[in-house]
Amino acid sequence: MEALEMDREAAEWLDRIHAEQREVGEHVAPPAAEEAIATIADFSLRSLGAPLPEGYVAFLRVCDGLDFNGTTLYATRQRNLGGGVTMLGLPEQNHIFRADSPRHHLLLGESGDELFALDTRDGSFAILDRGSLSEAERFTGFDALLTRVLKRAFES
């Protein structure tokens, strides 16, 4: 896979979050292995019908998932971090999401009442209401969604 860089503004918010996590002794996920990224990229394309967004791949190369202030960005796989903390994984969460009926979103993360997703019909990104799946906000690119999500998580 081609090396991608994370959006500058999103990277700055992520740096702030990681600094706060380290300060209070929370887990900071290391970068995802290239093999893990390739595995979920293949899963996303074959099983969900959507390529992984380039910005999400760049995010995974910085950290394999994020759990901060009630906001989660999915890791390459679900794993137990100890102390009753589970890092949610993209494959597992999308299997659960699509279990009841076909969906046209690729879930990338969540917060209490929201889902962060790629709309596979038109390539746009959205923050969805978890209950109704209606769009609360729409973004033309992943970087704008990521910046919004990280900024809100940090400021909450």
Side-chain angles (χ1 to χ4, degrees), residues 1-21 26-32 34 36-78 86-98 102-156:
M1 289 189 138
E2 172 187 331
L4 303 168
E5 282 192 30
M6 210 172 133
D7 174 76
R8 185 184 57 78
E9 187 177 1
E12 289 171 4
W13 284 110
L14 186 59
D15 287 345
R16 289 178 180 182
I17 288 170
H18 283 168
E20 187 169 314
Q21 286 180 306
E26 289 183 5
H27 173 79
V28 175
E34 287 301 317
I37 294 171
T39 297
I40 68 162
D42 183 63
F43 163 81
S44 181
L45 197 55
R46 290 177 188 262
S47 299
L48 307 174
L52 280 183
E54 289 182 1
Y56 180 69
V57 170
F59 164 78
L60 291 172
R61 287 185 172 137
V62 174
C63 61
D64 191 1
L66 177 73
D67 185 358
F68 180 76
N69 280 352
T71 296
T72 300
L73 292 167
Y74 299 144
T76 54
R77 64 180 175 81
Q78 187 163 306
T86 299
M87 177 68 72
L88 299 177
L90 181 137
E92 297 85 0
Q93 294 307 111
N94 278 279
H95 273 305
I96 293 166
F97 180 65
R98 292 168 180 240
R103 309 263 190 212
H104 58 267
H105 288 99
L106 169 64
L107 299 185
L108 303 166
E110 63 186 73
S111 65
D113 296 329
E114 299 172 323
L115 301 169
F116 316 130
L118 164 66
D119 187 325
T120 60
R121 297 170 300 182
D122 64 11
S124 66
F125 296 85
I127 295 177
L128 306 173
D129 175 81
R130 183 186 293 274
S132 67
L133 299 182
S134 62
E135 286 188 9
E137 289 183 68
R138 179 175 274 263
F139 304 86
T140 56
F142 176 77
D143 294 336
L145 169 66
L146 181 62
T147 299
R148 175 84 167 109
V149 166
L150 294 174
K151 180 179 179 187
R152 281 190 356 192
F154 184 79
E155 292 178 341
S156 64

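Keep in mind the model is a prediction, meaning the values are calculated, not measured. Only this structure's heavy atoms are used, side chains among them; waters, hydrogens and symmetry mates stay out.
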task: Please list, chain by chain and in numerical order, all residues satisfying salt bridge (charged side-chain N to carboxylate O under 4.0 Å, His left out) with R138, sequence neighbours excluded.
output: D119, D122, E135
Quick one: pull up [atom1] in [X] and [atom2] in [Y] and give me the separation to the nearest 0.5 Å.
X    : Y    : atom1 : atom2 : result
L115 : L108 : CG    : CG    : 10.5 Å
F116 : L106 : CZ    : CG    : 14.0 Å
L52  : F59  : CG    : CZ    : 12.5 Å
T86  : D67  : OG1   : CG    : 9.0 Å
L88  : L73  : CG    : CG    : 10.5 Å
H104 : L48  : NE2   : CG    : 13.5 Å

- prompt: How far apart are the C-alpha atoms of Y74 and E92, what are their side-chain angles, what is the distance that settles it, and do they pass the side chain to side chain donor-acceptor pair (under 3.5 Å) test?
  reply: CA-CA 9 Å; Y74 299 144; E92 297 85 0; over 6 Å; no
- request: Indicate yes or no: at least one non-hydrogen side-chain atom of L66 is less than 4.5 angstrom from one of L14.
  value: yes
message: Is the shortest side-chain heavy-atom distance between E5 and V62 below 4.5 Å?
response: no
Specify the closest pair of heavy atoms between [X] and [Y], including all atoms of both residues, with the distance to one decimal.
X    : Y    : value
S156 : A153 : OG-O, 3.0 Å
F154 : F68  : CA-CE2, 3.8 Å
H27  : A29  : NE2-CA, 3.4 Å
P51  : L118 : O-CD2, 3.9 Å
Q93  : E110 : NE2-OE1, 3.5 Å
A75  : P91  : O-CD, 4.3 Å

message: We want to know whether S134 and D129 form a side-chain donor-acceptor pair, criterion being a heavy-atom distance below 3.5 angstrom.
response: no
Which atom pairs, donor and acceptor, lie under 3.5 Å between side-chain atoms of residues 143-151 and protein residues at least two apart or in another chain?
residue, atom, partner, partner atom, Å
T147, OG1, D143, O, 2.9
R148, NE, E137, OE1, 3.1
R148, NE, E137, OE2, 3.2
R148, NH2, E137, OE2, 3.1

message: Does I17 form a side-chain contact (heavy atoms from CB on, under 4.5 Å) with V28? I'd like the steps, not just the answer.
response: CA-CA 9 Å; I17 288 170; V28 175; over 6 Å; no
query: Can we say R16 and E20 salt-bridge, meaning some charged N sits less than 4.0 Å from an Asp/Glu carboxylate O?
result: no
- prompt: Taking NZ, NE, NH1 and NH2 as the nitrogens, is one of them in E34 or R61 under 4.0 Å from a carboxylate oxygen of the other?
  reply: yes
Short side-chain to backbone donor-acceptor contact, [X] and [Y], under 3.5 Å:
X   : Y    : value
N94 : L90  : yes
T71 : S111 : no
D64 : P31  : no

task: Apply side chain to side chain donor-acceptor pair (under 3.5 Å) to the pair T39 and D42, showing each step before the final yes or no.
output: CA-CA 5 Å; T39 297; D42 183 63; over 6 Å; no
- request: Determine the interplanar angle of the H105 and F97 rings, folded into 0 to 90°, and report it as parallel if under 30°, tilted if 30 to 60°, perpendicular if over 60°.
  value: perpendicular
field: For H95, side-chain contact (heavy atoms from CB on, under 4.5 Å) partners two or more places apart
entry: F43
